Amino acid sequence: MTTRVRFAPSPTGYLHIGSARTALFNYLYARHTGGKFLLRIEDTDLARSTEESTRSILEGLKWLGFEPDEEIVFQSNNADKHRAAVAKLLAEGKAYRDFTPKAETADKNVKAAIVERAKENQDMRANPFRDLSKEESDEKAQTEPFAIRLKIAKSGKTSFQDAVYGLLERDYNEIEDLVLLRSDGHPLYNLAVVCDDIEMEITHIIRGQDHLTNSHKQILIYEALGKEPPKFAHLPLILAPDKKKLSKRIHGEIVAMTTYRDAGFLPEAFRNFLALLGWSNKTEQEIMSLEELIDQFELENIHRSNAVFNFEKDNPKHWTDDKAIWMNAEYIRTMPLEELLPLVKPELKAAKLWRDEYDDDDKEWFENTLNLIRQRFFTLKDFSAQGRAFFSEDFDFDKAAIEKNLGKEPNLKIWLPELAVVLENVEDFTHDTLQEVVKEFCEAKGTKLGVLLNGARVLLTGQGVGPSMLAIFETLGKEKSVMRLKSQIVWNL
RNA sequence: GGUCGAUUCGUCUAGGGGUCUAGGACACCGCCCUUUCACGGCGGCGACACGGGUUCAAAUCCCGUAUCGACUACCA
C-alpha cells in the first residue's frame with residue numbers, strides 16, 4: 001500500500017510558519033516513502049474561509065516547493081457525502097438527534113464558556129435525547145430542529161499508537177457525544193475530516209499536536225463508520241518567545257510565510273530551517289538539501305516537546321530567528337552560482353537594477369560580481385540595497401561611512417582625484433597590478449594603504465564596508481572607478 | 001476545573017543507566033587573519049526544572065511537585 005498523506009489547512013488566513021512546517025513534514029514523509037502528498041482545503045466554516053486566503057496558502061506552498069500530487073480537494077464540495085455518512089450512522093443507531101436548543105454564545109466568550117461548562121464535570125452521556133426511541137425521535141424531527149450527535153459507548157477508551165508520542169489513550173467519559181451535523185444541516189469538522197480522509201484514502205495523518213484530542217474523537221467516528229483509522233503522527237507545536245502558540249493576532253506578520261519571501265529569504269534555506277524545528281537527523285549536519293532531507297526524514301526522529309521560534313520584536317538585527325537568518329546567508333554564499341542567479345534576477349528587476357546584458361554579453365561579469373558581493377549578504381534584498389552601487393550610478397552615501405573613512409584624513413579630498421588620474425593610465429586594470437599602483441601611490445603620499453582604500457570605498461560604493469577594494473576596482477572597471485573617484489558629489493554633501 | 005503531553009545552554013538540538021568535568025549549531029564576547037565589513041580559524045560565556053526513590057552508578061528508570069503547552073464548541 002502506498003503512503004498517502006495530506007496537508008489540510010483551513011483558509012482563514014495566510015500560510016503561517018507552523019502550517020508550513022506541517023506541510024513540509026507531510027511532503028518529506030510522502031517523498032521519503034515514495035507516496036503521495038495531497039492538499040485539502042478545509043473550508044467548511046464558510047463564515048471565516050476566504051478565497052483570498054486559499055490563494056495565499058497556495059502561493060506559500062508553491063514558494064516552498066510543495067505542489068500536491070493530485071487535484072486539490074475542497075472540503076465544502078463534499079458536504080452531501082458528509083451528510084450521507086451521518087444519515088447512515090443515524091439509521092444504524094450509532095448517532096442520535098439532539099433536540100436541545102442551540103446555545104448562542106458570542107465568539108469572544110466561547111473560550112470562557114467552555115471552561116465554565118467543563119468545570120461542572122458533568123456526565124458526558126446525560127443527554128436526554130440520547131436514548132429516545134426511533135419513533136419518538138422521528139416524530140419530533142417533523143417539527144423541531146435538531147443536531148446529530150455521535151453515540152459514544154458509556155465505558156471504554158480509545159487508544160492509538162502515535163508515531164511520535166507512542167501509545168495514547170483517552171477514556172470515553174472524557175469525550176462528549178460530539179456533534180456531527182449542526183441543526184442547520186452543516187457538517188462539522190471532525191466528521192468532515194474523517195469522511196474526506198477515508199475518501200482520499202489517507203494512510204498517515206501528520207498534523208499538529210493541538211489535534212491530539214481530535215484524533216481520539218475521529219477514531220470513534222472511524223469505528224462507527226466501520227473503517228480502519230489511519231496512522232497518526234502528531235507534531236510538537238511551534239511557540240513564540242513568550243511560549244504562546246504562534247498566532248497572527250498576537251505576533252503579527254512574523255508568522256506569515258510571505259513575510260519571509262518578501263524579505264528575501266530563499267525557499268531552500270527556509271525549508272532547511274523549518275525542518276530543524278521539531279525534527280533532527282541526530283547528526284551534526286544541519287545544512288541539508290531537499291534530497292538529503294527526504295532521504296533522512298523519519299517520523300521517529302520528530303520531537304515530543306514544543307520548539308520556540310525565536311525573534312525580538314522591534315530589533316532590526318534579530319527581527320526573526322537568528323538561525324533562519326544565518327542559514328539564509330549560508331545558502332546565499334555557498335550555493336552554486338547558477339542557482340543563485342535566477343533568484344537574484346527578480347530582486348534586481350524589482351529594484352529597476354536589472355539589465356538584459358547580464359543574461360548574455362555581461363553574464364560573466366555579472367556572475368563574478370555576484371560572487372564577490374554575496375559573501376557578506378544575508379538576504380536577496382541585500383543585492384539591491386547594499387549591492388546597489390555595483391549595478392547603478394544612483395546610490396546613496398552612508399553618512400557614518402563618510403565621517404569614518406573620509407573625515408579623518410582631509411588630504412583624501414585631493415588624493416582620491418589624483419589617484420583617479422593615476423588609475424586612468426593603468427593598462428592592466430586587475431587586482432595585482434592595481435595593488436602595485438595603489439601601494440606606490442600611498443608610499444609617495446606617506447599614508448597607509450587602508451586609509452586611501454577605505455576612502456575610495458565610500459566614493460565607489462557609498463559604504464564603509466564591503467568586499468576587498470582592489471576587487472571592487474577590478475569589478476567596476478577603469479571607467480566607473482575613475483569617474484567615481486573624481487566625483488565631487490560626496491564632498492558637497 | 002478536568003484530561004493529555006512536555007521539561008538539557010538565551011534559542012534549535014545530541015545524548016535514552018557508567019564512554020557526560022554533558023557534544024554540536026545559532027546568538028553573544030575575545031583573539032587571529034585583514035585595506036573595511038564579513039567569511040574562516042582558535043577560544044570564551046552558557047543547560048540536565050525541583051524533591052524523593054531504584055541502583056555499585058541516574059541527564060538517562062520510577063513517583064511526586066512545579067512550570068509551560070494543548071485540548072476541553074451546533075469553530076477549524
Side-chain angles (χ1 to χ4, degrees), chain A residues 8-12 42-45 47-49 75 98 100-105 107 110-111 113-121 145-149 165 168-171 173-176 178-184 186 188-190 192-193 208-214 216 234 236-237 239 241 243-245 273 276-287 303-311 317-318 321-327 329-330 333-334 375-378 386 401 404-405 435 438 442 448-458 463-470:
Chain A
S10 51
T12 54
E42 310 223 310
D43 54 350
T44 56
D45 186 348
R48 287 198 291 165
S49 301
Q75 191 158 66
D98 179 5
T100 313
K102 185 185 176 203
E104 297 289 345
T105 319
D107 261 11
V110 171
K111 270 287 198 269
I114 292 167
V115 174
E116 267 322 296
R117 213 179 58 121
K119 273 182 190 168
E120 291 165 18
N121 201 8
F146 56 86
I148 297 182
R149 290 183 183 271
Y165 288 89
L168 261 12
E169 298 185 318
R170 196 164 174 83
D171 203 289
N173 58 37
E174 293 294 335
I175 309 173
E176 68 169 354
L178 57 132
V179 173
L180 268 13
L181 222 54
R182 260 185 347 203
S183 49
D184 61 4
H186 187 85
L188 249 26
Y189 174 74
N190 282 305
V193 166
Q209 191 235 70
D210 47 342
H211 284 285
L212 231 30
T213 44
N214 280 331
H216 287 100
H234 288 89
L237 267 17
L239 270 23
K243 302 283 168 69
K244 298 264 187 269
K245 210 171 144 183
F273 168 75
L276 262 18
L277 233 41
W279 174 82
S280 152
N281 69 354
K282 314 259 182 196
T283 74
E284 288 183 358
Q285 181 195 9
E286 296 202 297
I287 301 289
H303 304 149
R304 273 158 284 265
S305 58
N306 297 339
V308 170
F309 179 72
N310 205 11
F311 61 90
K317 195 171 178 198
H318 304 285
D321 200 292
D322 287 323
K323 200 150 186 171
I325 298 175
W326 166 78
M327 201 165 268
E330 185 71 17
R333 63 176 171 256
T334 61
Q375 301 302 331
R376 57 217 78 206
F377 285 174
F378 290 92
Q386 282 155 255
K404 185 168 178 246
N405 293 4
Q435 183 161 29
V438 177
C442 284
K448 282 186 190 157
L449 198 63
V451 173
L452 194 82
L453 253 21
N454 284 322
R457 180 186 304 284
V458 178
Q463 293 168 5
V465 301
S468 152
M469 218 18 241
L470 297 164

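Reckoned from all heavy atoms, side chains included, excluding hydrogens, waters and symmetry mates. Sequence lines set the chain letters: A, B, ... in the order given, protein chains first and strands last, and positions in each chain run from 1. Only a predicted model underlies this, so the values are computations on that prediction, with no experimental measurement involved.
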Under 4.0 Å between any heavy atoms, over every strand shown, what does A:Asn306 touch: base, sugar-phosphate, or nothing? Just pick one. sugar-phosphate

Answer with base, sugar-phosphate or nothing: what part of the nucleic acid does A:Ile148 contact at a heavy-atom distance below 4.0 Å? nothing

Re B:U54: Watson-Crick or G-U wobble partner, both distances kept under 3.5 Å, found to be none

For B:C63 versus B:A6, give the span between their P atoms, rounded off to a whole number of Å. 12 Å

Between the side-chain atoms of A:Ser183 and the base atoms of B:C74, is any donor-acceptor pair under 3.5 Å? yes

Would you name the heavy atoms of A:Gly278 and A:Ala307 that are closest together and state the gap between them? N-CB, 4.5 Å

May I ask which nucleotide in the shown strands pairs with B:U72, Watson-Crick or G-U wobble, both distances under 3.5 Å? B:G1

State plainly whether the residues A:Asp321 and A:Lys323 are in salt-bridge range, i.e. N to O under 4.0 Å. no

Contact class for A:Arg304 (heavy atom, under 4.0 Å): base, sugar-phosphate, or nothing? sugar-phosphate

Identity of whatever pairs with B:C45 - Watson-Crick or G-U, under 3.5 angstrom: none

With both distances kept under 3.5 Å, what pairs with B:U21, Watson-Crick or G-U wobble? none

Would you kindly compare A:Ser468 and A:Lys111 by the position of their nearest RNA chain B nucleotide and give the one closer to the 5′ end? A:Ser468

Now, which nucleotide makes the Watson-Crick or G-U wobble pair with B:U36, with each of the two distances under 3.5 Å? none

So A:Ser49, base contact, sugar-phosphate only, or nothing? Heavy-atom distance under 4.0 Å. nothing

Describe the nucleic acid contact of A:His234 in one word from base, sugar-phosphate, nothing, applying a heavy-atom distance below 4.0 Å. nothing

Using a 4.0 Å heavy-atom cut-off, does A:Gly278 contact any base of the nucleic acid, only the sugar-phosphate backbone, or nothing at all? sugar-phosphate

Counting the atoms with a prime plus P, OP1 and OP2 as sugar-phosphate, which does A:His318 contact under 4.0 Å by heavy atoms, base, sugar-phosphate, or nothing? sugar-phosphate

With a non-hydrogen cut-off below 4.0 angstrom, is A:Asp184 in contact with a base, only sugar-phosphate, or nothing? nothing

Watson-Crick/G-U partner (both atom distances under 3.5 Å) of B:C26: B:G10

